[in-house]
Amino acid sequence: GVRAWQLLDTGFGVPKANIITQLVSDKTSAIEGFTAAQLYLDVIEDQLGPQVYPASEAGLSFSLNANSRGISVVVAGYSDKQSVLLGDILSALTKPKWDQQRFDRLKQTRLRQMANFQREYPFRQVIAGLYSIINVSWTPLEQRPVLEQISLSDLQRFSRELMAQMSVEMLVSGNQTAMDAQELIA
């Protein structure tokens, strides 16, 4: 199902908007799914890189994040071509291009980032621990052993299951009208 909200905000007279989409799934509520979702989003962001560069130069930005409720997709900036960027992102999420070399490179990068977490200042490690408790998440040290076990075929299976069991929640704010929001949903 799809749930959507729209908030018209033309107070500053700027043609900018935000589209915040939550792809809701219980697949990311455990450490295994959450860690796989992060790696999956790394693959998607890497795949989208060259394709979305012109959009970033034109004042659009996006972010993809895994959380315990699923995946959040945020598109922000000038509203004119936001629907195109959102469409490109959703297309990449539903039809990822799998490549063993890309997978290995991205997995090693994430493993290295997780290993480097031990070298952070102690106060940053404490803050990360508190953040993980508050947001029902896991620290990099908890995720690392899980990530080491994920293979490309595991990630492919996870992504198919994740995308098959999703509902969508969307907030459209800024200078997007209710009609614009309806078109995004369709």
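Numbers for residues simply follow the sequence, beginning at 1.
Inter-residue side-chain proximity for Ile31 and Glu142 is flagged as met; some heavy-atom pair is nearer than 4.5 Å. Under the 4.5 Å side-chain criterion, counting only non-hydrogen atoms from C-beta, Tyr40 is not in contact with Glu45. Inter-residue side-chain proximity for Leu111 and Arg144 is flagged as met; some heavy-atom pair is nearer than 4.5 Å. With a 4.5 Å cut-off on side-chain heavy atoms, Asn65 and Ile71 do not count as touching. Looking only at side-chain heavy atoms (C-beta outward), Arg160 and Met163 stay at 4.5 Å or farther from each other. Annotation: side chain of Leu86 is in contact with side chain of Met170 (closest heavy-atom distance under 4.5 Å). The shortest distance between side-chain heavy atoms of Thr177 and Gln182 does not fall below 4.5 Å. Contact annotation: the side chain of Val75 never approaches that of Asn18 to less than 4.5 Å [non-hydrogen atoms, C-beta and beyond].
Cluster annotation: Met166 is connected to Val168 through the hydrophobic network of ILVMFWY side chains, with a link wherever side-chain heavy atoms come within less than 4.5 Å. When hydrophobic clusters are built by joining Ile, Leu, Val, Met, Phe, Trp and Tyr residues whose side-chain heavy atoms come closer than 4.5 Å, directly or via intermediates, Leu130 is not grouped with Phe117. With hydrophobic clusters built from ILVMFWY side chains whose heavy atoms lie under 4.5 angstrom apart, Ile44 shares a cluster with Leu147. Under the 4.5 Å side-chain heavy-atom criterion for Ile, Leu, Val, Met, Phe, Trp and Tyr, Val52 and Val74 are members of distinct hydrophobic clusters.
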Could you check Asn116 against Arg119 for side-chain contact (heavy atoms from CB on, under 4.5 Å), going step by step and ending with a plain yes or no? CA-CA 5 Å; Asn116 288 339; Arg119 295 178 181 91; 2.9 Å; yes

Verdict with supporting geometry, Ser91 and Asp88, side-chain hydrogen bond (donor to acceptor under 3.5 Å, both in side chains): CA-CA 5 Å; Ser91 176; Asp88 290 346; over 6 Å; no

Taking it one step at a time, do Met114 and Leu141 satisfy side-chain contact (heavy atoms from CB on, under 4.5 Å)? CA-CA 6 Å; Met114 289 176 170; Leu141 298 179; over 6 Å; no

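From Leu39, atom CG reaches atom CG of Leu41 across 9.0 Å, with rounding to the nearest 0.5 Å. Here Leu23 contributes atom CG and Leu162 contributes atom CG; the two are 8.0 Å apart, rounded to the nearest 0.5 Å. Summarising the geometry, atom CD1 belonging to Ile20 is positioned 5.5 Å from atom OG belonging to Ser173; distances are rounded to the nearest 0.5 Å. Taking OG1 of Thr21 as the start and CD1 of Ile89 as the end, the distance is 8.5 Å to the nearest 0.5 Å. If you take CG on Leu184 and OG on Ser83, they are separated by 6.0 Å, rounding to the nearest 0.5 Å. For the atom pair CZ of Arg3 and CD1 of Ile185, the computed distance is 12.0 Å after rounding to the nearest 0.5 Å.
Closest of all the heavy-atom pairs between Gly129 and Thr139 is CA-CG2, 4.0 Å. Scanning all heavy atoms of the two residues, the minimum distance from Trp98 to Leu155 falls at CZ3-CD2, 3.8 Å. Pairing each heavy atom of Pro96 with each of Gln47, the nearest pair is CA-OE1, 3.5 Å. Closest non-hydrogen pair, Gln82 versus Ala17, comes out as NE2-O, 2.7 Å. Minimum interatomic distance between Thr35 and Gln143 (heavy atoms only, all atoms of both residues): OG1-NE2, 3.2 Å. Closest heavy-atom contact between Ser79 and Asn175: OG-OD1, 2.9 Å.
For Phe34, the ring pair (Phe, Tyr, Trp, His ring centres under 6.0 Å) partners at least two apart in sequence or on another chain are Trp138.
Residue pairs that meet the ring pair (Phe, Tyr, Trp, His ring centres under 6.0 Å) test with at least one member in residues 154-186, sequence neighbours left out, do not exist here. Evaluation of the salt bridge (Lys or Arg N to Asp or Glu O under 4.0 Å) test over residues 22-34, restricted to residues two or more places apart or in two chains, returns Lys27-Glu161. The list of salt bridge (Lys or Arg N to Asp or Glu O under 4.0 Å) pairs with a residue in residues 66-84, not counting sequence neighbours, reads Arg69-Glu169.
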Tell me which donor-acceptor pairs under 3.5 Å the side chains of residues 99-108 have, and how far apart each pair is, sequence neighbours excluded?
from, atom 1, to, atom 2, distance (Å)
Asp99, OD1, Gln101, N, 2.8
Asp99, OD1, Arg102, N, 3.0
Gln100, NE2, Asp104, OD1, 2.9
Gln100, NE2, Asp104, OD2, 3.4
Arg102, NE, Asp46, OD2, 3.0
Arg102, NH1, Lys97, O, 3.1
Arg105, NH2, Asp46, OD1, 3.4
Arg105, NH2, Asp46, OD2, 3.0
Lys107, NZ, Glu148, O, 3.1
Lys107, NZ, Ile150, O, 2.6

Tell me which donor-acceptor pairs under 3.5 Å the side chains of residues 55-64 have, and how far apart each pair is, sequence neighbours excluded?
from, atom 1, to, atom 2, distance (Å)
Ser56, OG, Tyr53, O, 2.7
Glu57, OE2, Tyr53, OH, 3.3

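Atom CZ of Phe123 has more than 12 heavy atoms from other residues, nucleotides or ligands within 6.0 Å. Within 6.0 Å of OH on Tyr78 lie no more than 12 heavy atoms contributed by other residues, nucleotides or ligands.
Here the side chain of Gln176 pairs no donor or acceptor atom with the backbone of Leu8 at under 3.5 angstrom.
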